[in-house]
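Below is one structure, written out as structure tokens; the observations come after it.
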Amino acid sequence: MTWEQRLSKSDYIEFGYVNAKDKSDEDFSSIEKQAQRQIEAATNYFYNDHDFSNDWPKRVDAYKTAICEQVDFILETGITASYDGGDNFKSVSIGRLSLSPSVNPVDTTVNGVCKEASRILGRYGLLYRGVNDYAAKNK
């Protein structure tokens, strides 16, 4: 299966996002690919079965916006996968020393996708997990 980039750097900027604006095109493409991979997994690869270029424009924009949110999340936290929580601990005590992170990055995700992206996807039905009649009919 060939990977198709669904969000360009110009789309990212046009949607009003700025965290990756100064990244080189190569760096942006790499981050976008990671973000898109996470969004595709969250949507159960919706656009593998549906035509991205002819879909409802609001849903396409929501999908792209979710990728933008995930790009910013990756840039802010460095987390590129659900299992990549870094120092993922609630608290640690050693003798008199006690450490508790102020925010656990994993707590800010839903199935590996940042909460902002998850809310956007849910609003436009992209997190629906029902039976896929299209795939069943075209086997």
Side-chain angles (χ1 to χ4, degrees):
M1 178 171 74
T2 305
W3 179 76
E4 180 182 337
Q5 184 172 356
R6 302 201 193 272
L7 178 78
S8 67
K9 188 174 179 182
S10 61
D11 288 337
Y12 174 86
I13 294 167
E14 187 177 307
F15 281 117
Y17 292 85
V18 296
N19 289 349
K21 187 170 79 171
D22 296 330
K23 297 282 183 191
S24 70
D25 289 345
E26 186 177 309
D27 287 345
F28 178 82
S29 180
S30 175
I31 295 166
E32 189 279 340
K33 189 173 190 175
Q34 294 169 339
Q36 182 176 319
R37 184 177 60 240
Q38 290 172 301
I39 298 300
E40 285 183 353
T43 63
N44 203 22
Y45 301 90
F46 181 83
Y47 283 114
N48 286 354
D49 296 330
H50 298 85
D51 187 3
F52 183 75
S53 59
N54 290 321
D55 197 17
W56 181 36
K58 285 188 176 188
R59 183 165 50 197
V60 170
D61 284 351
Y63 181 84
K64 288 181 176 183
T65 302
I67 295 172
C68 292
E69 289 289 347
Q70 195 65 27
V71 164
D72 281 0
F73 179 79
I74 289 170
L75 288 171
E76 187 66 32
T77 65
I79 295 175
T80 59
S82 63
Y83 52 81
D84 184 17
D87 293 331
N88 182 12
F89 62 90
K90 297 289 182 193
S91 66
V92 173
S93 295
I94 303 170
R96 295 185 311 177
L97 175 66
S98 180
L99 301 172
S100 297
S102 58
V103 175
N104 185 350
V106 176
D107 290 341
T108 63
T109 63
V110 177
N111 297 324
V113 174
C114 69
K115 288 183 179 180
E116 294 80 5
S118 183
R119 285 185 198 114
I120 293 165
L121 295 171
R123 169 75 173 92
Y124 288 91
L126 288 165
L127 296 178
Y128 177 70
R129 293 289 189 238
V131 175
N132 184 348
D133 287 337
Y134 180 83
K137 290 177 186 176
N138 292 307
K139 282 190 174 185

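Along the sequence shown, residues carry numbers from 1.
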Problem set entry | Crowding at CD, E14 (>12 non-hydrogen neighbours, <6.0 Å) | no

Exercise. Of all residues at least two apart in sequence or in a different chain, which pass the salt bridge (charged side-chain N to carboxylate O under 4.0 Å, His left out) check with E4?
Worked result: R6

Exercise. Residues two or more places apart in sequence or in another chain: which of them pass side-chain contact (heavy atoms from CB on, under 4.5 Å) with Q34?
Worked result: R37, I74, T80

Exercise. By side chain to side chain donor-acceptor pair (under 3.5 Å), which residues pair with E116, not counting sequence neighbours?
Worked result: none

For this session: Could you tell me whether a side-chain N or O of N44 sits under 3.5 Å from a main-chain N or O of F46, the two making a donor and an acceptor?
Result: no

Exercise. Can you name the residues that form a side chain to side chain donor-acceptor pair (under 3.5 Å) with S8, not counting sequence neighbours?
Worked result: S10, D11

For this session: Look up atom SG in C114 and atom CD1 in I39, then write down how far apart they are to the nearest 0.5 Å.
Result: 6.5 Å

For this session: Quick one: sort the Y47 and H50 rings into parallel, tilted or perpendicular, breaks at 30° and 60°.
Result: perpendicular

Show me the donor-acceptor pairs within less than 3.5 Å that the side chains of residues 15-25 make with the rest of the protein, sequence neighbours left out.
unit_1 : atom_1 : unit_2 : atom_2 : d
Y17    : OH     : E69    : OE2    : 2.7
S24    : OG     : D27    : N      : 3.1
S24    : OG     : D27    : OD2    : 3.4

For this session: Not counting sequence neighbours, list each pair that qualifies as a ring pair (Phe, Tyr, Trp, His ring centres under 6.0 Å) and has a residue in residues 18-37.
Result: Y12-F28

Exercise. Cluster partners of Y124, using ILVMFWY side-chain heavy atoms under 4.5 angstrom, listed by chain and number?
Worked result: W56

Problem set entry | By salt bridge (charged side-chain N to carboxylate O under 4.0 Å, His left out) - contacts of D55 (at least two apart) | R59

